[in-house]
Amino acid sequence: MNPSFRLHVPEAFRAAHHRHAAWVDGLPGVIERLLERWSLRPDGDPGHGMAGIVLPVRRRADGLPAVLKVQRKTEDGAGVVPGLRAWNGHGIVRLLAHDTDADTDALLLERLDATRPLSTLAADDDTAATHVLGTLLARLVAVPAPDGMRRLGDIAAAMVARTPDAVRSLADPDERRLVGICADAVAELTDEAGDRLLHWDLHYANVLAGGREPWLAIDPEPLAGDPGFDLWPALDSAWETVVVPSGNVRGTVLRRFDQLTEALDLDRRRAAGWTLGRVLQNALWDIEDGKAALEPAQVALAEALLADRMR
């Protein structure tokens, strides 16, 4: 049905997935089959993120603009379809169709304006952009997580258990101490880890301008947990382009934190603890990747929250 179309996999995407070369090589055929199955025609050049290929399409039956997203099946993506179905387009991109096999998840999604991420607003008015994120997060976490979703309590307990061995890889004793403090904060919270449906990755680049709503979230990695665990991506958003140039890193972090906790009606100390949990998670991932030092942004964000907790 699309005789003139043959997907060219971007080289940057191919390089990022070099360990799964056979899967990457099979993507053009997978996408051609999906175009035929869902009666779609390509409507622009493909793009990609870290996880998947995104192709603008239109439905042949009615011309509806949409995007076809194809990504390798992973544990992080296991909750995407049930999460999108539970949210049902309220504050987030709408799921139109879904297909899966042993290696690949394919999503047909409502098309948003990829040229207008929320970062375009943040460049002019970061307070307004944080307000948008807080409003979206409040709507998303109001939904209870469906059965079978990964649970924050399990993730948190595993992080705390890994910390003593992992921190030995950090060269700076102050950084080892900071990661230990983050683990202690999480350990206090694991018994009541929550049951709300979390996005887990809602930052400025994962909010796009929409047609039916001004702004809509994209690319969730859903899990069940406490809404406080969902704040870190917003606090860390546009770090090099907005937070650092502000000249007041701590003040900007705490202003964003105030806005978000107020929008979600969260206990500040508990929300800070779960946000330190995200710093812990990032530290453990970096250590797993062979790094011996924390990212400076993570240190600054954690120190800002810890100083605020001690006031």
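Computed from heavy atoms alone, side chains included, the values below leave out hydrogens, waters and symmetry copies.
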Quiz item: Are Ile155 and Trp200 close enough, and set up right, to give a side-chain contact (heavy atoms from CB on, under 4.5 Å), and what steps lead you there?
Solution: CA-CA 12 Å; Ile155 293 171; Trp200 202 1; 4.1 Å; yes
Self-check item: Nearest-0.5 Å distance that lies between atom CG in Leu260 and atom CG in Leu202
Solution: 9.5 Å
Practice problem: Kindly determine whether Arg270 and Asp226 satisfy side-chain contact (heavy atoms from CB on, under 4.5 Å), including the steps that lead there. | Solution: CA-CA 9 Å; Arg270 185 176 182 86; Asp226 189 296; 2.7 Å; yes
Quiz item: Mind checking whether Val242 and Trp215 sit in one hydrophobic cluster, side chains of I, L, V, M, F, W, Y counted as touching below 4.5 Å?
Solution: no
Quiz item: Looking at Val67 and Pro56, what are the two nearest heavy atoms and their distance?
Solution: CG1-CA, 4.3 Å
Quiz prompt | Cationic N near anionic O, under 4.0 Å, Arg162 to Glu288 | solution = yes
Exercise. Return the minimal non-hydrogen interatomic distance between Leu266 and Pro227, and the atom names on each side.
Key: CD2-CB, 3.9 Å
Quiz prompt | Interatomic distance, Glu32 atom CD to Arg37 atom CZ [nearest 0.5 angstrom] | solution = 16.0 Å
Practice problem: May I ask you to check whether over 12 heavy atoms, not counting those of Asp45, lie within 6.0 Å of atom CG? | Solution: no
Quiz item: Would a distance-only check, ignoring hydrogens and angles, find a side-chain to backbone donor-acceptor pair under 3.5 Å from Lys73 to Asp101?
Solution: yes
Exercise. Specify the closest pair of heavy atoms between Leu112 and Ala209, including all atoms of both residues, with the distance to one decimal.
Key: CB-O, 3.5 Å
Would you give me the side-chain donor-acceptor pairs under 3.5 Å for residues 178-198, sequence neighbours excluded?
residue : atom : partner : partner atom : Å
Thr190  : OG1  : Ala187  : O            : 3.4
Arg196  : NH1  : Ala142  : O            : 3.0

Quiz item: Hey, what's the ring geometry for Trp23 with Phe13, parallel, tilted or perpendicular (30° and 60° as the breaks)?
Solution: tilted
Self-check item: Arg19, CZ atom: more than 12 neighbouring heavy atoms under 6.0 Å
Solution: no
Quiz prompt | Candidate pair Asp154 and Arg151, rule salt bridge (charged side-chain N to carboxylate O under 4.0 Å, His left out), full reasoning | solution = CA-CA 6 Å; Asp154 298 332; Arg151 306 200 69 82; 5.8 Å; no
Quiz prompt | Set of residues satisfying side chain to side chain donor-acceptor pair (under 3.5 Å) with respect to Asp25, sequence neighbours excluded | solution = Arg14
Exercise. Evaluate the side-chain proximity of Arg250 to Leu254: yes if any heavy-atom separation is below 4.5 Å, no if none is.
Key: yes
Quiz item: Should Thr115 and Asp113 be marked as a side chain to side chain donor-acceptor pair (under 3.5 Å) after you check the CA-CA gap, both sets of side-chain angles, and the distance that decides it?
Solution: CA-CA 5 Å; Thr115 68; Asp113 188 350; 2.5 Å; yes
Quiz item: Which atoms form the tightest heavy-atom contact between Met159 and Gly277, and what is the distance?
Solution: CE-O, 3.8 Å
Quiz item: When you check the gap from the basic side-chain N to the acidic O, do Asp258 and Arg255 get nearer than 4.0 Å?
Solution: no
Self-check item: Leu118 vs Leu121, side-chain contact (heavy atoms from CB on, under 4.5 Å): CA-CA, chis, key distance, verdict
Solution: CA-CA 5 Å; Leu118 188 57; Leu121 175 61; 3.8 Å; yes
Self-check item: Stepwise side chain to side chain donor-acceptor pair (under 3.5 Å) check, Tyr204 with Asp236
Solution: CA-CA 9 Å; Tyr204 288 167; Asp236 187 65; over 6 Å; no
Quiz prompt | salt bridge (Lys or Arg N to Asp or Glu O under 4.0 Å) pairs, two or more places apart, involving residues 136-147 | solution = Arg139-Glu213
Practice problem: Using a strict cut-off of less than 4.0 Å between a Lys/Arg side-chain nitrogen and an Asp/Glu carboxylate oxygen, indicate whether Arg168 and Asp165 qualify as a salt bridge. | Solution: yes
Quiz item: Counting only N and O atoms by type, is there a donor-acceptor contact under 3.5 Å from the side chain of Arg150 to the main-chain atoms of Leu223?
Solution: no
Quiz item: Can the positive tip of Arg278 be found less than 6.0 Å from the middle of the six-membered ring of Phe229, inside 45° of the ring normal?
Solution: yes
Quiz item: Can you list the residues that meet the side chain to side chain donor-acceptor pair (under 3.5 Å) rule with Asp105, with sequence neighbours excluded?
Solution: Thr100
Quiz item: Hey, does the side chain of Glu221 reach the backbone of Asp201 with a donor-acceptor pair shorter than 3.5 angstrom?
Solution: no
Practice problem: Could you walk me through whether Asp126 and Arg256 pass the salt bridge (charged side-chain N to carboxylate O under 4.0 Å, His left out) test, one step at a time? | Solution: CA-CA 9 Å; Asp126 188 60; Arg256 287 176 167 185; 2.9 Å; yes
Quiz item: With a 4.5 Å heavy-atom cut-off, do Leu301 and Trp232 have their side chains touching?
Solution: yes
Exercise. Show your working on side-chain contact (heavy atoms from CB on, under 4.5 Å) between Leu276 and Leu306 and close with a plain yes or no.
Key: CA-CA 9 Å; Leu276 292 173; Leu306 288 168; 3.6 Å; yes
Quiz item: Quick one: side chain to side chain donor-acceptor pair (under 3.5 Å) partners of Asp43, sequence neighbours excluded?
Solution: Arg58, Arg111
Quiz item: At their closest point, which heavy atom of His199 faces which heavy atom of Asp219, and how far apart are they?
Solution: CE1-O, 3.4 Å
Quiz prompt | For Asp62, side chain to side chain donor-acceptor pair (under 3.5 Å) partners two or more places apart | solution = Arg59
Quiz prompt | Closest heavy-atom pair and its distance - Glu295, Asp286 | solution = CG-OD2, 3.8 Å
